[in-house]
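Order of the sequence lines sets the chain letters (A, B, ...), proteins ahead of strands, with each chain counted from 1.
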2 protein chains.
Amino acid sequence: MSNITLKELAMKLGISVSTVSKALNDSFEISDETKQRVRDMADEYNYRPNILAKSLKTGRSNTIAVIIPYLANPFQSQILEGAQQAANERNYKLVFMQSRENAELEADSLRTLHQQNIDGVIITPSADSNLKYLKQFHQLCPLVLVDRIDFDLPTFKIGVNNEKGAFDATQHLIDMGRTDILVLCGKNIGVSQKRIAGYKKALLANYITAKEENIIQVDYGQSREDLIKNLTNLLANKLKEHDNPIGLLGTTDTLTVNALGILSKLEISVPAQVAVIGFANTEIAESLNPSLSTIIQPAFEIGYKGVEKLIQMVESKNRFQIDFDTTILDTTIIQRRSSKA
Amino acid sequence: MSNITLKELAMKLGISVSTVSKALNDSFEISDETKQRVRDMADEYNYRPNILAKSLKTGRSNTIAVIIPYLANPFQSQILEGAQQAANERNYKLVFMQSRENAELEADSLRTLHQQNIDGVIITPSADSNLKYLKQFHQLCPLVLVDRIDFDLPTFKIGVNNEKGAFDATQHLIDMGRTDILVLCGKNIGVSQKRIAGYKKALLANYITAKEENIIQVDYGQSREDLIKNLTNLLANKLKEHDNPIGLLGTTDTLTVNALGILSKLEISVPAQVAVIGFANTEIAESLNPSLSTIIQPAFEIGYKGVEKLIQMVESKNRFQIDFDTTILDTTIIQRRSSKA
DNA sequence: TTGTAAGCGTTATCAC
DNA sequence: GTGATAACGCTTACAA
């Protein structure tokens with residue numbers, strides 16, 4: 001029924017508990033013969049160490065956490081998947097929390113996790129995250145930043161090459177003959193600046209003047225309403241003037257898919273009137289009408305690497321002396337019908 | 001830095017550890033005065049009990065798990081969200097695993113969780129789940145079934161009224177003037193039978209003869225290829241014959257969205273040529289072109305209730321004597337452009 | 001009403 | 001190479 005314990009194994013073997021413990025931990029102090037006997041017996045009785053006891057002893061719970069803004073966001077949920085896999089492979093438990101782009105919920109989550117004896121946390125900070133609090137928390141508990149990594153926090157960071165991703169996407173739209181290019185991005189989410197920079201660089205490289213009004217910043221809270229209003233006005237004008245061929249770059253899953261929905265409601269044809277490409281990590285892109293060209297981020301890998309780094313920190317003797325590095329992964333571009341010439 | 005312990009508190013207060021422990025647990029043995037002194041001191045030093053020690057003592061880890069087939073499935077991820085919230089409110093940690101519709105991975109996950117001293121598990125069994133193994137596991141560790149609940153396992157079950165959901169959807173298509181109605185469903189996923197039954201009932205109620213060829217069963221493994229082939233052939237014939245107005249009912253998120261993508265590639269217009277409605281728990285439905293009519297399942301609530309029931313079982317004195325009940329929740333229907341007359 | 005002490009299952013220190 | 005023993009922080013009989 002309940003698991004056999006070290007003590008019971010020791011009794012059966014007629015040796016001491018500490019010897020059994022050492023044998024199972026492959027200590028150099030124990031003879032090969034004893035080790036073998038112990039291991040055989042352990043197998044026979046299907047011994048499983050009591051993690052709870054081990055935890056109490058070592059002070060570590062073998063549990064780490066992921067905090068993301070929204071599980072419903074496919075990109076973020078893929079980060080979680082990667083983290084889950086890495087945690088699993090290393091026999092760590094993984095719990096997750098959502099911050100809902102809310103600094104207070106984020107802080108609450110961190111507090112809860114800390115009380116629950118979590119060994120470390122991987123976080124994509126919320127849009128209005130409180131850096132001071134993160135720093136303070138990092139003193140108590142290892143923290144790794146993923147995706148939104150533009151924070152002045154001495155730790156491991158895993159992100160993507162946002163500038164290059166946005167550059168490639170913009171260049172693609174230009175290659176498709178679009179010279180008037182809108183860009184949608186979330187307010188305050190850290191990655192936006194780099195993406196806008198990439199967008200501008202691409203324009204510059206093609207001798208196209210960047211217009212500030214083409215950069216639409218959307219607040220997460222009322223993203224849909226904001227977006228509908230802004231997009232509708234802007235496009236109405238542009239399409240009336242019959243100026244330059246229009247392109248649209250969405251810098252997040254949600255914004256891009258929403259924008260497609262809005263265009264469809266406005267009966268603006270894609271790609272004929274507006275060519276669209278977006279950062280999007282969902283298979284649904286293929287099934288959209290028209291299918292959506294995307295910049296794909298290696299979300300799974302971000303989560304996976306995040307856990308590797310975190311565990312490295314958790315298990316290190318002195319986590320304040322680690323040589324922290326930042327990992328930047330590349331995006332890939334997939335062309336579909338939404339941006340065909 | 002590190003948390004203050006009971007022992008240290010006791011020292012400071014000049015009383016014994018057990019008195020402090022009892023005071024903090026509001027034991028009737030302790031005087032109000034002492035309780036107050038202890039609580040004040042505990043607050044002052046920001047005392048947090050060491051969960052690990054408590055766990056070792058009680059034998060429970062205060063951690064529960066959710067196993068779902070795919071996190072990428074919006075319906076399933078919403079179940080997870082609900083579970084997460086309920087767990088959080090009760091100060092339980094929640095870990096999750098994916099079975100990828102694979103009985104072996106599922107069993108592996110259960111084993112891993114059991115070794116990790118999980119207190120209980122909420123599971124949506126995979127398509128080919130091994131009932132025997134589930135039963136066996138349930139002897140060791142509390143199990144609650146969610147969504148796919150048609151299993152002969154004596155435990156709490158939370159699901160939706162699949163028959164009624166499918167009935168409503170089919171009736172809606174009929175109301176929209178469709179009399180030749182296709183239905184897409186996953187093979188072996190338990191809920192399909194009920195949904196097909198609802199579909200047939202609706203046809204019957206409207207004096208429409210059910211045709212077996214209209215029921216398309218798709219294997220998860222090669223769902224996309226299967227679907228493309230089946231749908232393409234079937235629709236090609238139907239559209240050639242210009243018979244009855246066609247409707248399409250998708251019984252899962254994935255199938256429905258994929259079907260929409262396929263229709264769009266085949267340049268079949270929705271809803272003019274084929275009206276579509278599907279079980280789908282994603283906001284993206286609104287942004288699709290055309291926007292997708294959906295049957296929405298109360299996924300969050302399923303997860304939430306699942307955790308409530310599970311914790312009830314975990315904390316009960318004798319979990320083998322509980323009066324297990326099954327909760328059936330209703331679906332709601334949202335009409336959008338994909339099924340407009 | 002409060003205190004003493006055992007024990008949960010490990011690991012680690014030190015003696016033999 | 002092996003074994004006693006303490007310790008991790010808490011709960012809980014039982015003693016006072």
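- No donor-acceptor contact under 3.5 angstrom links the side chains of Glu81(B) and Gln85(B), judged on distance only.
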Dump the pairs, protein N or O against N or O of nucleotides 10-13 of chain C, anything under 3.5 Å, distances to one decimal.
unit_1, atom_1, unit_2, atom_2, d
dT10(C), OP1, Tyr47(A), OH, 2.8
dT10(C), OP1, Asn50(A), N, 3.1
dT10(C), OP2, Leu6(A), N, 2.9
dT10(C), O5', Tyr47(A), OH, 3.4
dT11(C), OP2, Ser21(A), OG, 2.9
dT11(C), OP2, Asn25(A), ND2, 3.4
dT11(C), O2, Lys57(A), NZ, 3.3
dT13(C), O4, Lys22(A), NZ, 3.4

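- With sequence neighbours excluded, the residues that form a side-chain hydrogen bond (donor to acceptor under 3.5 Å, both in side chains) with Glu8(A) are Thr5(A).
- No contact: Ser55(A) has no heavy atom under 4.0 Å from any strand.
- The CG-P distance, from Leu56(A) to dA6(D), rounds to 17 Å in whole Å.
- Counted by atom type alone, Tyr133(A) and Glu104(A) present zero donor-acceptor pairs between their side chains at under 3.5 Å.
- For the pair Asp26(B) CG and dT11(D) P, the interatomic distance rounds to 13 Å; values are reported in whole Å.
- Atom C1' of nucleotide dT4(C) and atom CE of Met11(B) are separated by 17 Å, given to the nearest angstrom.
- Among the atoms of the strands shown, only primed sugar atoms or phosphate atoms (P, OP1, OP2) are found under 4.0 Å from some heavy atom of Ile15(A).
- Dashed line: the shortest gap from a side-chain N or O of Thr19(B) to OP1 or OP2 of dG3(C) is under 4.0 Å.
- As a whole-Å value, the separation of Arg60(A) CZ from dG9(C) P is 21 Å.
- Atom CD1 of Ile30(B) and atom P of dT12(D) are 13 Å apart (whole Å).
- With Ile79(A) as the partner, the side-chain contact (heavy atoms from CB on, under 4.5 Å) test is satisfied by one option alone out of Asn73(A), Thr124(A), Asn281(A): Thr124(A).
- Going from atom CG of Leu24(B) over to atom P of dT11(D) covers 8 Å, rounded to whole Å.
- If you take CD of Glu33(A) and C1' of dG1(D), they are 11 Å apart, rounded to a whole angstrom.
- The closest side-chain heavy-atom distance from Asp325(B) to Lys309(B) is below 4.5 Å.
- A side-chain donor-acceptor contact under 3.5 Å links Asp40(A) and Gln36(A).
- When the P atom of dG9(C) is taken as reference, atom CD of Gln115(B) falls 17 Å away, rounded to whole Å.
- A cation-pi arrangement is not found for Lys157(A) relative to Phe324(A), the charged atom failing to lie both closer than 6.0 Å to the ring centre and inside a 45° cone about the ring normal.
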